[in-house]
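A short write-up of the structure that comes next.
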Amino acid sequence: MPRPKPPNVVRYTVRLSRTQGERVAALKKQLHASSDNEVFDYLVTVGTNQRDDLEQLVYSLFGNLADSLAHRFQSLETVSQLHLALTDTYIKYALTALPEVPGSLLAAARIRATRIYEQVNLTAAREFQRRRQSDAYNAVQLGIEDEPGYSPTPSDEV
């Protein structure tokens with residue numbers, strides 16, 4: 001009558017080439033293992049750990065990619081805010097300060113307009129820098145995100 005197998009033991013039969021057998025024997029000596037089962041256990045453990053490490057690496061790479069994309073979108077948003085500041089400054093100036101120019105003064109008006117254009121650009125750049133330094137372009141200030149710790153109440157949702 002055959003001996004009953006313990007319930008927590010699984011039996012494998014592995015066939016190895018002579019070269020593979022020599023590698024297992026060399027690894028057994030390196031590990032100071034008392035049996036081939038210990039070598040097999042080591043190889044299975046290392047193999048699964050490497051797979052888990054690779055999985056973690058992939059998740060990390062995807063996380064880094066997401067962070068990079070978020071940073072690029074933030075940069076794109078900043079450039080669009082600069083464009084908005086330039087447009088706003090120009091429209092305000094054009095609506096309040098530009099009179100109808102008579103034909104006889106057109107050449108002088110163009111020279112003056114060029115200087116004003118440069119001033120408008122400098123003003124817009126200064127305003128952009130001021131807003132950027134004051135963190136006016138973050139998602140909370142722009143109304144894209146709620147403030148940290150803020151939770152809307154039913155009365156806020158109107």
Side-chain angles (χ1 to χ4, degrees), residues 10 12 14 16-17 19-20 22-24 26-33 37-158:
V10 176
Y12 286 98
V14 179
L16 304 173
S17 68
T19 307
Q20 291 170 327
E22 290 169 359
R23 289 186 3 215
V24 168
L27 188 57
K28 184 177 177 181
K29 285 180 184 175
Q30 273 183 332
L31 298 174
H32 304 290
N37 284 342
E38 287 182 19
V39 174
F40 182 73
D41 181 51
Y42 170 80
L43 291 173
V44 169
T45 302
V46 167
T48 56
N49 285 346
Q50 285 179 347
R51 195 187 91 222
D52 291 344
D53 290 346
L54 285 174
E55 185 177 332
Q56 289 297 330
L57 178 64
V58 167
Y59 283 128
S60 174
L61 289 173
F62 277 119
N64 290 344
L65 178 63
D67 291 344
S68 175
L69 284 174
H71 177 72
R72 289 177 188 252
F73 281 127
Q74 181 66 38
S75 297
L76 185 61
E77 181 182 9
T78 301
V79 168
S80 93
Q81 290 295 323
L82 172 63
H83 181 260
L84 181 65
L86 284 168
T87 303
D88 182 61
T89 304
Y90 174 73
I91 290 173
K92 285 177 182 173
Y93 175 77
L95 291 176
T96 59
L98 291 179
E100 185 70 30
V101 179
S104 60
L105 301 175
L106 200 55
R110 283 195 177 126
I111 293 170
R112 184 170 180 268
T114 301
R115 276 190 243 124
I116 291 170
Y117 176 76
E118 290 170 0
Q119 288 175 345
V120 165
N121 282 333
L122 286 173
T123 301
R126 284 187 199 110
E127 179 64 15
F128 175 73
Q129 284 297 341
R130 183 190 67 76
R131 289 183 184 189
R132 190 174 209 185
Q133 290 170 355
S134 71
D135 203 24
Y137 295 128
N138 70 32
V140 173
Q141 295 287 10
L142 294 172
I144 297 170
E145 250 178 40
D146 290 333
E147 293 182 36
Y150 172 78
S151 59
T153 60
S155 63
D156 291 340
E157 298 172 6
V158 176

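None of the values given here were measured: they were computed from a predicted structure. Position 1 is the first residue of the sequence; numbering continues from there.
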The test is side chain to side chain contact (heavy atoms under 4.5 Å, CB included); show your working for Tyr90 and Leu86 and say whether it passes.
CA-CA 6 Å; Tyr90 174 73; Leu86 284 168; over 6 Å; no
From CA spacing to verdict: side chain to side chain contact (heavy atoms under 4.5 Å, CB included), Leu122, Arg126:
CA-CA 6 Å; Leu122 286 173; Arg126 284 187 199 110; 4.1 Å; yes
So, are Arg115 and Glu118 salt-bridged, with charged N and O less than 4.0 Å apart?
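Salt bridge flag = no for Glu118 with Arg115.
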Could you tell me the separation between the [atom1] atom of [X] and the [atom2] atom of [Y], rounded to the nearest 0.5 Å?
X: Glu38; Y: Leu27; atom1: CD; atom2: CG; result: 11.5 Å
X: Leu43; Y: Leu31; atom1: CG; atom2: CG; result: 8.0 Å
X: Asn64; Y: Tyr59; atom1: CG; atom2: OH; result: 15.0 Å
X: Gln30; Y: Arg23; atom1: CD; atom2: CZ; result: 11.5 Å
X: Glu55; Y: Ser60; atom1: CD; atom2: OG; result: 12.5 Å
X: Arg72; Y: Leu76; atom1: CZ; atom2: CG; result: 11.0 Å

Tell me, do [X] and [Y] make a side-chain contact under 4.5 Å, heavy atoms counted?
X: Arg130; Y: Glu127; result: yes
X: Thr89; Y: Tyr93; result: no
X: Val58; Y: Leu54; result: no
X: Lys92; Y: Asp88; result: yes
X: Arg110; Y: Leu106; result: yes
X: Leu61; Y: Leu57; result: yes

Walk me through whether Phe128 and Thr78 qualify under side chain to side chain contact (heavy atoms under 4.5 Å, CB included).
CA-CA 9 Å; Phe128 175 73; Thr78 301; 3.3 Å; yes
Can you list everything that forms a side chain to side chain contact (heavy atoms under 4.5 Å, CB included) with Ile91? Sequence neighbours excluded, please.
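Testing Ile91 for side chain to side chain contact (heavy atoms under 4.5 Å, CB included), a comparison that skips the adjacent residues, returns Thr87, Leu95.
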List for me each residue that meets side chain to side chain contact (heavy atoms under 4.5 Å, CB included) alongside Gln20, sequence neighbours excluded, and say none if there are none.
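Residues passing side chain to side chain contact (heavy atoms under 4.5 Å, CB included) with Gln20: Leu16, Ser17.
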Return yes if some donor-acceptor pair links the side-chain N/O of Ser80 with the main-chain N/O of Glu77 below 3.5 Å, else return no.
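Yes, because the side chain of Ser80 sits within donor-acceptor range (under 3.5 Å) of the backbone of Glu77.
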